[in-house]
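No hydrogens, no waters, no symmetry mates; every other heavy atom, side chains included, goes into these values. Per chain, numbering begins at 1; letters A, B, ... match sequence-line order.
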Protein chains: 2
Amino acid sequence: MLTKKQLDLLEFIHKRVQRDGVPPSFDEMKEALDLRSKSGIHRLITALEERGFIRRLAHRARALEIVKLPDALEAKLGGAPSPSGFEPRVIDGDRPDSRPSGARALESGGAIELPVMGQIAAGVPIAAIAEVSHQVSVPSSMVGKGDHYALEVKGDSMIDAGINNGDVVIIRETTTADNGDIVVALVEDAEATLKRYRRNGNAIALEAANPAYETRLFRDDQVKVQGRLVGLIRSY
Amino acid sequence: MLTKKQLDLLEFIHKRVQRDGVPPSFDEMKEALDLRSKSGIHRLITALEERGFIRRLAHRARALEIVKLPDALEAKLGGAPSPSGFEPRVIDGDRPDSRPSGARALESGGAIELPVMGQIAAGVPIAAIAEVSHQVSVPSSMVGKGDHYALEVKGDSMIDAGINNGDVVIIRETTTADNGDIVVALVEDAEATLKRYRRNGNAIALEAANPAYETRLFRDDQVKVQGRLVGLIRSY
DNA sequence: ATCAAGTTGCTTCTTGGTGAGCATCATGCG
DNA sequence: CGCATGATGCTCACCAAGAAGCAACTTGAT
């Protein structure tokens, strides 16, 4: 899957992250691989990204992250593959494989499994968040820090936001939101809806994205934000 | 399932990966099998890929990976069959049906990695399917049989279908479509667009889902279906 | 405004993968 | 036996990708 150079670079990055917690800059990588130009690094990085081993943000310093390690490296260096903020949990026992297979059940490759906690009304509210009905896999790039869960959307009140009936939305648990965010809002401690959030003083507006539905206004003590929309998955 | 040659090659590749962490190039394989031409290797590799033992990226150096090993080899060499961290659970009972030997391609847990083949215009412009830019994980429930890939949507011509600018669409490779399907259509062998497909006699209509765009009509020889929309992933 | 970190264009050279065309050989089948 | 088929082997041609270097340009941060 990888050429020697690519493997070397990946290994270097991995070590740096393990050591410093921060990925190296292009210049540091250039030094490490003994090159005289960053452009070479750029190409190697591109190749690694294309093959799905790292993920990155363009134009951001040190904005790269190892998503997975080839088996060869994983065996060689003991470290956990790292993604999304949880690695310091694995201790090395005598038999490292004692748990990786179980521990990473929810985190294998570039995906994470999230529980689908029932349905949510995008139109008229449905009962609040219920139980886990099943699990979905989502790209780990979709979830950042914090706890997440998924809900199945019922209704069409958010169609203008590109959220259709039957879509699965990925929600990050949070109790705050910024204006314009799409949130899971619990109204009057009874009904949960998916709406766009807008605050004005101590009034909260929950806007649908469908002209057929009206914006509803509440006092801020009537509405509890339960999560913010971070992703969406649809199957045809 | 495999011919002798194919088995030999697979074994060689496996050993090399175990030893170096880097798969051999065609030339190295050629040497190992004592051939005088790479093209033979090419054929063997193709056969192995077809049978699901290896996975690869076309036109990329050493971009190949062993996905599974035939039982014969697995017993012979102790090595792990490779995919993301779970094999130590299978004991050999009398019923090895744990793996029907055709299953689990890149599949780990409930997710599969697919290549993102660049961007597709949902509006006017184009750049036909280009290269792999990176990989995404999608729930395996989203893909059925057949080959799949992903594209990033540019433009807003499908907004009324809930497909926004920046969304990643999952495409199943196929050359046929039913009326109403959303497809990747290659028009005039030049531009690829994501549109709703409708056939009428030997005329094909490509409809946008946005009143600002007009339906375009073509003769059926001007349009080639390259895939059908099966899923969508959006990150906020 | 300035610096550091990334991104790109262009060049050069080497390595590596693709594919057409043709020959050989074993095998299963009437 | 003669033929079709499929797996292999080879040559040759071609072109793409990997790797490296230099330099200029863009972005983000301060």
What is the distance, rounded to the nearest whole Å, between atom [atom1] of [X] and atom [atom2] of [N]?
X: R56(A); N: dG28(D); atom1: CZ; atom2: P; answer: 13 Å
X: D8(A); N: dA20(D); atom1: CG; atom2: P; answer: 10 Å
X: K38(A); N: dA23(D); atom1: NZ; atom2: P; answer: 13 Å
X: H42(A); N: dT8(C); atom1: NE2; atom2: C1'; answer: 8 Å
X: D27(A); N: dA23(D); atom1: CG; atom2: C1'; answer: 15 Å
X: R62(B); N: dG17(C); atom1: CZ; atom2: P; answer: 7 Å
X: I41(B); N: dT11(D); atom1: CD1; atom2: C1'; answer: 16 Å
X: L44(B); N: dG9(D); atom1: CG; atom2: P; answer: 7 Å

Short side-chain N/O contact to [N] OP1/OP2 from [X], under 4.0 Å:
X: T3(A); N: dA19(D); result: yes
X: R36(A); N: dG21(D); result: yes
X: R60(B); N: dA16(D); result: no

> Taking N179(A) for the side chain and R199(A) for the main chain, is one N or O donor matched with an acceptor at less than 3.5 Å?
Replying inline: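 Flag set: sc N179(A) to bb R199(A) pair under 3.5 Å.
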
>> If you only use heavy atoms from C-beta on, which nucleotide in dG18(D), dC10(D), dG21(D) is closest to the side chain of Q6(A)?
In response: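 From the listed options, dG18(D) comes nearest.
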
>> Please pick, from dT7(C), dC10(D), dC22(D), the nucleotide with the shortest atom-to-atom distance to any side-chain atom of A58(A).
In response: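 Output: dT7(C).
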
> For atom NZ of K30(A), is the number of surrounding heavy atoms from other residues, nucleotides or ligands below 6.0 Å larger than 12?
Replying inline: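 For K30(A), atom NZ is crowded (more than 12 foreign heavy atoms under 6.0 Å).
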
> For atom CG of D20(A), is the number of surrounding heavy atoms from other residues, nucleotides or ligands below 6.0 Å larger than 12?
Replying inline: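 Atom CG in D20(A) is packed in, count exceeds 12.
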
> Would D178(B) and Y197(B) count as a side chain to side chain donor-acceptor pair (under 3.5 Å) if you check the C-alpha gap in whole Å, the side-chain angles of each, and the deciding distance to 0.1 Å?
Replying inline: CA-CA 7 Å; D178(B) 296 326; Y197(B) 176 94; over 6 Å; no

>> Under 3.5 Å, is there any donor-acceptor pair linking the side chain of K5(A) to the base of dG18(D)?
In response: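 Answer no: no donor N or O sits under 3.5 Å from an acceptor.
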
> Does the base of dG9(D) carry an N or O that pairs as donor and acceptor with the side chain of R43(B) under 3.5 Å?
Replying inline: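 Flag set: donor-acceptor pair detected.
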
>> Here's a test of your reading of the structure: between S25(B) and S39(A), which maps to the more 5' nucleotide of DNA chain C?
In response: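 So the residue in question is S39(A).
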
> Are a donor atom and an acceptor atom from the side chains of S39(B) and R43(B) found within less than 3.5 Å of each other?
Replying inline: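 No.
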
> Between G40(B) and A61(B), which has a closest nucleotide on DNA chain D that is more 5'?
Replying inline: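 First, find each residue's nearest nucleotide; the 5'-ward one identifies G40(B).
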
